[in-house]
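What you are looking at is a predicted structure, and each value in this text was computed from that prediction instead of being measured.
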Amino acid sequence: MRLDRVVGRRSWTEGSIGTTVQGRQIVRWDSRPRGATRHVTVVSGMHGDERITYPLAEALRRTDLPVDMHVTIIPSLNPDGWAADTRRNARGVDLNRNFPWMWSSSKESSGPGPGSELETQAAMSLLRTERPDLVIWIHQPLAYVAPIADCPNEYAELWANAAGVRVRPDISHLGGGETWSARTAGLRSMLVEVTSWSTAQSLIDDHVRGFEALLPRVSVHESK
């Protein structure tokens, strides 16, 4: 990894968790202070047509972070889809239907098999290896925050109240990334849906406030 510029009050490194079928890097940003005891991973840009997700990821890394927290951000899990401004990856697969939790061939564009896509495999390998204390999956446009499985409701409430969106009870998406990370990988996971298809700065600011409200309250996951 190379040392990236200082953003906010912390320095970040930039690396990659893998490549796409078109050869694009799936970038990761890390801010890891010496002696960090907590780790939060943010996965953004799974759908290339959700255009607020990358600028929101950029805004998150400009925030002031707790001094003991390692934060990993995947700004675009689907860089091929982002380049083409399409929901699916370059093979026409919806990555949020491709994870191996209750994967179904009957779901539209779920791929030829569970975990078949390079992007899906890269995300799974990252989370299985590093086992963060919380995984935050960012999407749009449905305006809610949902704690998945055993993720504390408090986490969702902190973000939702600060961002001005509702808390939705635990949900399950067949082949969904957030559902796989919670129910198969056993990681505390929450889904954040930004309001509307807008890319307005005010919406980015809302969810930055949610992120900042949540981070101080995230605890070490005892089952790591």
Side-chain angles (χ1 to χ4, degrees), residues 4-14 17 27-33 36-47 50-77 96 123 126-127 130-148 151-168 171 177-178 181-182 187-221:
D4 204 355
R5 62 192 176 95
V6 174
V7 183
R9 296 181 183 177
R10 292 270 290 275
S11 61
W12 291 77
T13 58
E14 183 175 302
I17 65 169
V27 171
R28 66 179 290 170
W29 300 327
D30 284 273
S31 183
R32 189 197 310 248
T37 58
R38 298 179 292 157
H39 186 191
V40 169
T41 296
V42 178
V43 183
S44 194
M46 180 180 290
H47 294 137
E50 295 176 359
R51 303 304 286 185
I52 203 169
T53 55
Y54 194 98
L56 176 53
E58 291 183 311
L60 295 182
R61 78 171 189 166
R62 292 193 292 269
T63 60
D64 293 332
L65 304 175
V67 296
D68 65 336
M69 179 164 283
H70 172 197
V71 175
T72 301
I73 300 175
I74 309 301
S76 180
L77 183 62
N96 212 34
L126 170 73
L127 297 176
E130 300 193 354
R131 300 199 61 79
D133 299 297
L134 177 66
V135 188
I136 302 167
W137 301 79
I138 297 180
H139 289 271
Q140 71 182 125
L142 301 178
Y144 66 77
V145 181
I148 313 299
C151 180
N153 287 334
E154 176 196 20
Y155 290 4
E157 290 166 357
L158 286 164
W159 188 304
N161 290 341
V165 295
R166 67 189 174 99
V167 174
R168 181 174 174 178
I171 60 174
E178 74 293 316
S181 66
L187 300 171
R188 290 187 301 200
S189 306
M190 54 185 276
L191 170 61
V192 174
E193 284 272 357
V194 178
T195 305
S196 82
W197 289 107
S198 171
T199 58
Q201 183 63 45
S202 60
L203 290 178
I204 292 173
D205 294 342
D206 288 344
H207 287 277
V208 166
R209 285 194 296 271
F211 186 66
E212 291 176 326
L214 168 64
L215 289 193
R217 303 293 289 274
V218 174
S219 62
V220 175
H221 194 189

Can you tell me how far [atom2] of [Y] sits from [atom1] of [X], rounded to the nearest 0.5 angstrom?
{"X": "Tyr155", "Y": "Leu134", "atom1": "OH", "atom2": "CG", "answer": "6.5 Å"}
{"X": "His139", "Y": "Ile52", "atom1": "NE2", "atom2": "CD1", "answer": "14.0 Å"}
{"X": "Ile17", "Y": "Glu130", "atom1": "CD1", "atom2": "CD", "answer": "9.0 Å"}
{"X": "Glu154", "Y": "Asn161", "atom1": "CD", "atom2": "CG", "answer": "10.5 Å"}
{"X": "Arg32", "Y": "Thr72", "atom1": "CZ", "atom2": "OG1", "answer": "6.5 Å"}
{"X": "Asp68", "Y": "Thr37", "atom1": "CG", "atom2": "OG1", "answer": "4.0 Å"}

Do [X] and [Y] come close enough that some side-chain heavy atom pair is under 4.5 Å?
{"X": "Tyr144", "Y": "Ile171", "result": "yes"}
{"X": "Val165", "Y": "Thr195", "result": "yes"}
{"X": "Trp137", "Y": "Ile148", "result": "no"}
{"X": "Val43", "Y": "Ile136", "result": "no"}
{"X": "Val71", "Y": "Thr63", "result": "no"}
{"X": "His70", "Y": "Ser31", "result": "no"}
{"X": "Ile204", "Y": "Thr199", "result": "no"}
{"X": "Glu58", "Y": "Ile73", "result": "no"}

Kindly say whether [Y] contributes a backbone atom to a donor-acceptor pair with the side chain of [X] at under 3.5 angstrom?
{"X": "Arg168", "Y": "Ala146", "value": "no"}
{"X": "Ser189", "Y": "Leu187", "value": "yes"}
{"X": "Asp133", "Y": "His221", "value": "yes"}
{"X": "Arg188", "Y": "Ser219", "value": "yes"}
{"X": "Arg38", "Y": "Leu215", "value": "yes"}

Could you tell me which non-hydrogen atom of [X] sits nearest to which non-hydrogen atom of [Y], and how far apart they are?
{"X": "Pro33", "Y": "Val67", "answer": "CG-O, 3.3 Å"}
{"X": "Leu142", "Y": "Glu193", "answer": "N-OE1, 3.2 Å"}
{"X": "Asp64", "Y": "Glu212", "answer": "N-OE2, 4.3 Å"}
{"X": "Met190", "Y": "Pro147", "answer": "CB-CA, 4.2 Å"}
{"X": "Ser196", "Y": "Gln140", "answer": "O-NE2, 2.9 Å"}

Could you go through Val40 and Leu214, starting from their C-alpha distance and side-chain angles, then the distance that decides it, and tell me whether this counts as side-chain contact (heavy atoms from CB on, under 4.5 Å)? CA-CA 11 Å; Val40 169; Leu214 168 64; over 6 Å; no

Apply side-chain contact (heavy atoms from CB on, under 4.5 Å) to residues Arg62 and Trp12 and explain how you reach the verdict. CA-CA 10 Å; Arg62 292 193 292 269; Trp12 291 77; over 6 Å; no

Going by the angle between their ring planes, with limits at 30° and 60°, are His207 and Trp159 parallel, tilted or perpendicular?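 Ring orientation, 0 to 90° scale: tilted.
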
